[in-house]
Amino acid sequence: MRSGHIGQWAAVTGVVLLTAACSQATGLAGVSAASPSTAPPSTSPPASSTPTPTPTAEPQAAEQPPKGGDPVRVPPPKVSKYKYTFPVKGCRTTYQRKLLVLPKTTIWAQEGCAFVAPIGGVVDEVNIHNRWSPATDAGADREGRFVTIVGDDGVRYLGGHLDTVADGIKPGVRVKAGQVLGRVGRSGNARDTASNLYFAISWKTGPAYWWVRRGMVEPWDYLDAWQSGNRTYSPREETLALRGKLGETPGCTVQCSSKKVPQAGKTPAPRKKKEKVREEDPERIIPTIAPFGRQ
């Protein structure tokens, strides 16, 4: 009897276990017993706790213009058919650019520097002797040793206070622009100054009209141009216009008279104390000799 009950309980227990197993595996009506809300495990890496740095804008460099090429050298305009050169060659020079008594200029340069022809032309006057004396200060001798040429442009150029005149330079000789005519010195009334070249521009006259050769046209604008590279800037038009206005042989008006030298053996008579001394008018030299032909 007791053994029958044990077998009956064993059979019931087996049925219950079998039913539980089937229900856990398939659920109702063959539906899976697993929860559909269960998400599959994520494959993405875990979030880092370090904050991501924010990118900052880099400062832009200043805009640079493109580099240009080398400057193009433009030659000065050609203003005449003549070509000139500065009258002192191979030396450092200075000169004044303003009127001082006469329309000429003093080109300061070291003694021995070359005085050259500023343009091609023909030698006009040459003085190789220094005849100037402070006792008389004769106007015709103030430039000491000098050379003048009449250029191909019809203009006369004077270089004075020379130390020496170059060999072969004499009236009538043809010279080229830049050819040495003499050497800078201190002859004439430059004896007590630094060495320099007395430079003047005028037109051709006879030797009797020495005041014309001493300078009629202001030269510094032309010297500036020749020195800076504009070698075709010509004084021809200004010179010819002034000659047409004044004539070929205008009278002397500046530094015309020489000092009077007392004659030997004669003592000047004393003036009376109450006598009013009258100042003499400067001597005005009027030309009386016909000039050379026109240029």
Side-chain angles (χ1 to χ4, degrees), residues 82 84 87 101-106 115-133 136-162 164-166 168-175 177 179 181-182 187-190 197-219 222 234-260 281-295:
Y82 306 104
Y84 299 86
V101 184
L102 292 169
K104 55 85 180 178
T105 194
T106 300
F115 162 51
V116 301
I119 187 176
V122 177
V123 177
D124 181 34
E125 295 179 77
V126 177
N127 180 24
I128 61 175
H129 301 292
N130 185 17
R131 300 187 179 92
W132 181 81
S133 169
T136 57
D137 192 27
D141 301 331
R142 288 189 178 110
E143 281 66 65
R145 300 181 184 90
F146 67 84
V147 174
T148 69
I149 71 166
V150 176
D152 294 335
D153 56 357
V155 178
R156 179 169 62 178
Y157 302 91
L158 162 69
H161 298 327
L162 300 179
T164 59
V165 174
I169 299 301
K170 57 185 179 180
V173 170
R174 177 83 188 174
V175 295
Q179 181 174 337
L181 304 179
S187 62
N189 63 355
L197 178 73
Y198 183 110
F199 185 75
I201 297 176
S202 63
W203 53 85
K204 182 176 173 63
T205 58
Y209 310 105
W210 51 266
W211 56 91
V212 176
R213 76 162 181 253
R214 297 195 72 209
M216 301 298 292
V217 176
E218 296 176 351
Y222 303 103
S234 175
R236 173 180 170 84
E237 291 186 8
E238 183 180 2
T239 303
L240 296 183
L242 187 60
R243 186 182 71 174
K245 178 181 178 180
L246 300 179
E248 286 191 358
T249 56
C252 182
T253 58
V254 180
Q255 293 184 340
C256 302
S257 60
S258 303
K259 295 179 181 179
K260 295 181 179 180
D281 296 332
E283 182 180 359
R284 183 178 176 86
I285 303 176
I286 306 298
T288 57
I289 304 176
F292 286 4
R294 290 180 179 271
Q295 292 296 315

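Rounded to the nearest 0.5 Å, atoms CZ (Phe199) and OG1 (Thr106) are 12.0 Å apart. Summarising the geometry, atom NZ belonging to Lys245 is positioned 15.0 Å from atom CG belonging to Leu240; distances are rounded to the nearest 0.5 Å. Distance check: Glu218 CD to Leu242 CG gives 10.0 Å after rounding to the nearest 0.5 Å.
At least one side-chain heavy atom of Leu162 sits less than 4.5 Å from a side-chain heavy atom of Val147. Residues Tyr157 and Thr148 form no side-chain contact, since every pair of their non-hydrogen atoms from C-beta on lies 4.5 Å or further apart. Contact check for His129 versus Arg145: no side-chain heavy atoms found under the 4.5 Å cut-off. Side-chain contact between Pro250 and Met216 is present, with heavy atoms from C-beta onward closer than 4.5 Å. You'll find the side chain of Glu125 stays beyond 4.5 Å of the side chain of Pro171, heavy atoms only. The shortest side-chain heavy-atom distance between Asp124 and Val150 falls under the 4.5 Å cut-off. Between Glu143 and Leu158 the shortest side-chain heavy-atom distance falls below 4.5 Å. The closest side-chain heavy-atom distance from Leu181 to Val165 is not below 4.5 Å.
Partners of Glu238 according to the side chain to side chain donor-acceptor pair (under 3.5 Å) rule, which considers only residues two or more places apart in sequence or in another chain, are Tyr222. With sequence neighbours left out, Asn127 forms a side chain to side chain donor-acceptor pair (under 3.5 Å) with Arg131. Under the side-chain contact (heavy atoms from CB on, under 4.5 Å) criterion, Leu102 pairs with Lys104, Tyr198, Arg214, Val254, Gln255, sequence neighbours left out. Considering only residues two or more places apart in sequence or on other chains, Ser234 meets the side-chain contact (heavy atoms from CB on, under 4.5 Å) condition with Ser80, Tyr82, Tyr84, Asp153, Arg236. Take Thr164 and apply the side-chain contact (heavy atoms from CB on, under 4.5 Å) test, not counting sequence neighbours, and it matches Arg183. Legend: residues meeting side chain to side chain donor-acceptor pair (under 3.5 Å) with Ser202, ordered by chain and number and at least two apart, are Arg156. Qualifying side chain to side chain donor-acceptor pair (under 3.5 Å) partners for Asp137, counting only residues two or more places apart in sequence or in other chains: Trp132, Arg142.
Annotation: Ile128, atom CD1; neighbour count of heavy atoms from other residues, nucleotides and ligands within 6.0 Å does not exceed 12.
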Discussion item. Using the rule given for side-chain contact (heavy atoms from CB on, under 4.5 Å), can you reason through Val155 versus Ile119, listing the C-alpha separation, both sets of side-chain angles and the distance that settles it, and then say yes or no?
Written reply: CA-CA 10 Å; Val155 178; Ile119 187 176; over 6 Å; no
Worksheet item: Would Asp152 and Arg174 count as a salt bridge (Lys or Arg N to Asp or Glu O under 4.0 Å) if you check the C-alpha gap in whole Å, the side-chain angles of each, and the deciding distance to 0.1 Å?
Response: CA-CA 10 Å; Asp152 294 335; Arg174 177 83 188 174; 2.8 Å; yes
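Taking every heavy atom of both residues into account, Ser258 and Ala138 meet most closely at OG-CA, 3.2 Å. Minimum interatomic distance between His161 and Asn189 (heavy atoms only, all atoms of both residues): CE1-OD1, 3.0 Å. Smallest separation of non-hydrogen atoms from Pro103 and Pro219: O-CD, 4.1 Å. Minimum interatomic distance between Leu197 and Gly159 (heavy atoms only, all atoms of both residues): CD1-CA, 3.7 Å.
Judged by distance alone, with hydrogens and angles left aside, the side-chain atoms of Trp203 form a donor-acceptor pair with the main-chain N or O of Glu248 at under 3.5 Å.
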